[in-house]
Amino acid sequence: MASVSSSILPMLMVVLMCSHVGGEQGSYHKINIHSLLPSKVCSSFKANFVLNSESASLNFTRLKVTYRHGPCSPLRSHPTPLHEQILDEDRSRVDSLRRRIAAAATSAKLDRQRGSQVGSKIPVRPGSSVSTGNYVVTVGFGTPKTDQTVIFDTGSDITWIQCQPCVAYCYEQQDPIFNPSASSTYANISCSSTYCSDLDTSGCSSSTCIYGVQYGDNSFSIGFFAQDTLTLSTAGVIPKFPFGCGERNRGLFGKAAGLMGLGRGKVSLVTQTYQKYGGVFAYCLPPTSSSTGYLTFGAGYPSSNVKFTPMLTDASAPTFYYLNLMAISVAGQRLPISARVFNDAGTIIDSGTVITRLPPTAYSALRSAFRQAMSSYKMTSALSILDTCYDFTGHSTVSIPKVALQFGGGVTMELDLSGTLYVGNQSKVCLAFAANGDDSDVGILGNVQQKTFNVVYDVSKKVIGFGPGAC
Ligand SMILES: *[C@@H]1O[C@H](CO)[C@@H](O)[C@H](O)[C@H]1NC(C)=O
Ligand SMILES: *[C@@H]1O[C@H](CO)[C@@H](O)[C@H](O)[C@H]1NC(C)=O
Ligand SMILES: *[C@@H]1O[C@H](CO)[C@@H](O)[C@H](O)[C@H]1NC(C)=O
């Protein structure tokens with residue numbers, strides 16, 4: 001009997017999840033509590049954007065996105081981290097992003113002065129930390145191609161994978177480690193190449209360009225800066241794509257083979273494929289860890305209901321995608337927060353930060369409105385950085401106030417329920433927002449809030465778009 005019920009339970013949860021689609025009304029999400037709980041089986045629930053290679057054209061391509069630790073992930077054998085661990089790592093990513101943005105202006109100047117005289121000892125420049133609360137895609141490197149599952153990150157530029165021979169150290173990864181000598185199209189990049197001077201941090205070893213990236217949590221990757229064929233899909237083949245072939249790698253990358261940099265800098269995949277894809281990419285992050293989303297390159301993304309807000313730039317932190325967050329509403333009521341509060345520090349959108357960070361003044365207004373609307377539920381202790389948590393034990397349905405973010409250009413992003421709450425378990429369900437330390441710290445639109453939206457980045461038109469219900 002026990003084995004029967006345990007095999008039926010996951011299916012039951014999938015069925016229950018469907019019920020929340022029709023259950024939203026007015027300014028509250030009314031949902032069955034079970035729909036919030038993660039499933040252990042992978043389902044393509046709500047995947048209304050079917051992946052198939054036939055529809056790929058020469059300048060549009062799409063990849064399947066999965067949550068790194070969920071049952072759909074190719075890396076799923078990695079032990080699932082605790083929620084506390086994911087959120088603590090998220091804090092360290094945000095701390096390092098913040099330091100990086102604050103230090104950007106001065107360090108950019110220093111790097112230019114150092115130039116290429118650094119030799120093979122690389123003063124690695126701090127990047128952002130790689131939180132484990134991230135999403136992965138599988139792409140092919142080399143000829144013949146070998147599949148590599150990488151974390152995609154809009155908060156960094158360089159793409160790198162671990163490479164053989166790992167002279168000093170490689171961490172354990174799921175796919176076989178890429179072997180450059182087995183690829184007929186692999187080539188080192190020379191120190192005199194402009195690719196090499198475009199790197200934030202580069203060095204030279206017998207005229208071969210060396211790259212180094214260090215992340216805020218002491219993770220790093222160092223190796224040869226190289227080029228090889230990158231295969232995104234059957235039609236999405238990028239010859240001579242410059243990437244880091246890492247021979248010394250250490251850190252919190254789980255079993256991923258490396259990282260795909262989707263920032264705005266010169267070496268990023270977005271910039272390197274500009275001719276083919278026009279500086280356009282889009283993704284949908286799935287509502288649960290047990291469903292799948294997509295990442296597309298080129299203008300063929302699903303365009304219905306996408307509303308665009310200006311993509312802003314900070315010259316001293318050119319990697320990042322800034323946007324203009326102007327207001328927040330809870331249950332249809334706009335919160336009394338002065339626009340100046342959001343303006344002072346600005347806001348970036350980041351695929352690698354989990355929880356949205358707000359200026360403390362804005363967060364405290366959001367928190368008190370949310371708590372008030374939730375006053376009939378029992379509060380419980382904090383979960384790491386999340387201080388507004390509820391114990392839903394004994395409830396079968398709950399009513400959660402809708403939270404909406406307003407951006408420049410008259411764009412309102414009414415968050416999905418999955419983008420409002422962080423669910424530990426039935427007795428620990430938290431508001432998925434946190435405060436920055438200071439109103440002057442940059443705000444971050446994190447990946448929880450982006451769930452189920454078609455998030456479109458168009459670097460040529462300098463706009464960022466949001467379309468609801470895309471996956
Ligand atoms: C790339 O450079 C390294 C170091 O100089 C060398 O060992 C390796 O053989 C080179 N690979 C190719 C394909 O030139
Ligand atoms: C995509 O390909 C079509 C047909 O070849 C062409 O008209 C269009 O300009 C291309 N778009 C980009 C962004 O290259
Ligand atoms: C629910 O999650 C919290 C936070 O991860 C944990 O401390 C608690 O033990 C869990 N409760 C149950 C019943 O699993």
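Along the sequence shown, residues carry numbers from 1. This one's a predicted model, so the numbers in the text were calculated from it and none came from an experiment. Counting convention: from 1, in listed order, for ligands and their atoms alike.
- Heavy atoms of other residues, nucleotides or ligands lying less than 6.0 angstrom from CZ of R248 number 12 at most.
- Annotation: side chain of C284 is not in contact with side chain of V455 (no heavy-atom distance under 4.5 Å).
- Put simply, atom 9 (O) of ligand 3 has no protein non-hydrogen atoms near it, under 4.0 Å away.
- Distances below 4.0 Å separate heavy atoms of E84 from the following atoms of ligand 3: 4 (C), 5 (O).
- Counting only heavy atoms of the protein, atom 13 (C) of ligand 3 lies nearest to S427 OG, 4.0 Å.
- At the shortest separation from atom 5 (O) of ligand 1 among protein heavy atoms lies T208 OG1, 3.7 Å.
- Note that atom 2 (O) of ligand 1 has protein non-hydrogen atoms nearby, at separations under 4.0 angstrom.
- For ligand 1 and F224, the ligand atoms under 4.0 Å from any heavy atom of the residue are 3 (C), 4 (C).
- Relative orientation of the Y171 and F253 rings is tilted, given thresholds of 30° and 60° on the angle between their planes.
- Note: Y169 and F220 have perpendicular aromatic rings, judged against thresholds of 30 and 60 degrees for the angle between ring planes.
- Taking every non-hydrogen atom of Y186 and a distance limit under 4.0 Å, the qualifying atoms of ligand 1 come out as 13 (C).
- Counting heavy atoms from C-beta outward, H69 and P81 have side chains that approach closer than 4.5 Å.
- For atom 14 (O) of ligand 3, the nearest protein heavy atom (residue, atom name, distance) is N425 ND2, 3.2 Å.
- Ring planes of F466 and F453: perpendicular class, angle over 60° (limits at 30 and 60°).
- Counting protein heavy atoms only, atom 12 (C) of ligand 1 is closest to N188 ND2, 3.3 Å.
- Heavy-atom contacts from other residues, nucleotides or ligands closer than 6.0 Å to CD of E84 number more than 12.
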